[in-house]
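Taking it in order: structure first as structure tokens, then the write-up.
Both ligands and their constituent atoms are indexed starting at 1 by order of listing.
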Amino acid sequence: MSSITEKAIANVPAISITGLSKSFLNNHHYVLEDVNLSIGKGEFFILLGPSGCGKSTLLSMIAGFIQKTSGELIVDNEEVSKPGRNRGVVFQQADAALFPWLTVRENVEFGLKMKKTPKSIRHETSAYFIELVGLKGHEQKFPKELSGGMKQRVQLARVLANDPDILLMDEPFGALDAMTRRTMQTELVRIWKETNKTIIFVTHDIQEALLLGERIGVMSIGPSSKIETIYSIPLPYPRQFTNKEFNTYYQKIQNHFD
Ligand SMILES: Nc1ncnc2c1ncn2[C@@H]1O[C@H](COP(=O)(O)OP(=O)(O)OP(=O)(O)O)[C@@H](O)[C@H]1O
Ligand SMILES: [Mg+2]
């Protein structure tokens, strides 16, 4: 393959959104209107906005759970019409996502079992991801025996075990205490660097956005929300919120919501 072709392939966006709009009730009341966004392969992108602006709606459309009203929404060169294996979703409430009657290992292996992956490969894969999220030694536990942070790690390991190219994360650490949340944020950056996934991460927390994202898309207040401004954050990882530049970005973004 020539280097020009390689470069062209590398530049194909993972997700391309043009003039995307969503109305739930009728075509006069738009939750989202004219959203435009292009996300590169392997990018860590944050969708930031106040409660009710349409972050989950946008993420659910990319996941293929809900249908757009108009516009173009392309993932891996295909118009999205339904969920697909190339997209893994991590929900805010791990309780709703995990099967309470399955152990940690069985939860992580669930998708692989559905795909009829042979048992030995299933075990090998789940062992790898359970270790990656720091849950080694807890394989035989049931969700009710785990803390909120541990359950969130199980959910993450399960999604990663299915090996989607794209991780769609909807305020996944929103329900965690501040300390566990910091640990999970650090772990996620580490996992992203190890796996080269494309990540779209939803949050309404500016500090979390700045700790994680290579780019941050700030959404306007609804109705008819759109992505108002996109900030590139060229700060190295791991990021420190005591850093001066970090605070300059914080103020800039905060100004959107004052
Ligand atoms: N199924 C639905 N039917 C009708 N309206 C809906 C539906 N889902 C969401 N909405 C409306 O769309 C708007 C955006 O909701 P959404 O859940 O996407 O916001 P959000 O930015 O994720 O908020 P939060 O930060 O609180 O999670 C809200 O006004 C909400 O009432
Ligand atoms: Mg939401």
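- The closest protein non-hydrogen atom to atom 26 (O) of ligand 1 is S51 OG, 2.6 Å.
- At least one side-chain heavy atom of L32 sits less than 4.5 Å from a side-chain heavy atom of M219.
- Atom 14 (C) of ligand 1 is approached by the protein to below 4.0 angstrom, counting heavy atoms only.
- Classification of the F44-F201 ring pair by plane angle, with boundaries at 30° and 60°, yields tilted.
- Listed by atom number, the atoms of ligand 1 under 4.0 Å from E171 heavy atoms are 25 (O), 27 (O).
- Residue V31 touches ligand 1 through its side chain alone, judged by heavy-atom distances below 4.0 Å.
- Donor-acceptor pairing under 3.5 Å is recorded for the side chains of Q152 and Q155.
- Residue contacts to the Mg ion (ligand 2): S56 brings an N, O or S atom closer than 2.8 Å.
- Between L112 and I121 there is no side-chain heavy-atom pair separated by less than 4.5 Å.
- Atom 17 (O) of ligand 1 has its nearest heavy-atom neighbour, among S56, G54, C53, in S56.
- Shortest contact from atom 28 (C) of ligand 1 to any protein heavy atom: G52 O, 3.8 Å.
- Looking at T117 and T125, their side chains never come closer than 4.5 Å, going by heavy atoms from C-beta outward.
- Using a 4.5 Å cut-off on side-chain heavy atoms (C-beta onward), L37 and L20 make no contact.
- Of the protein's heavy atoms, K55 NZ, 2.7 Å lies nearest to atom 25 (O) of ligand 1.
- Nearest protein neighbour of atom 1 (N) of ligand 1, counting heavy atoms only, is F24 CE2, 3.5 Å.
- The protein heavy atom nearest to atom 16 (P) of ligand 1 is T57 OG1, 3.6 Å.
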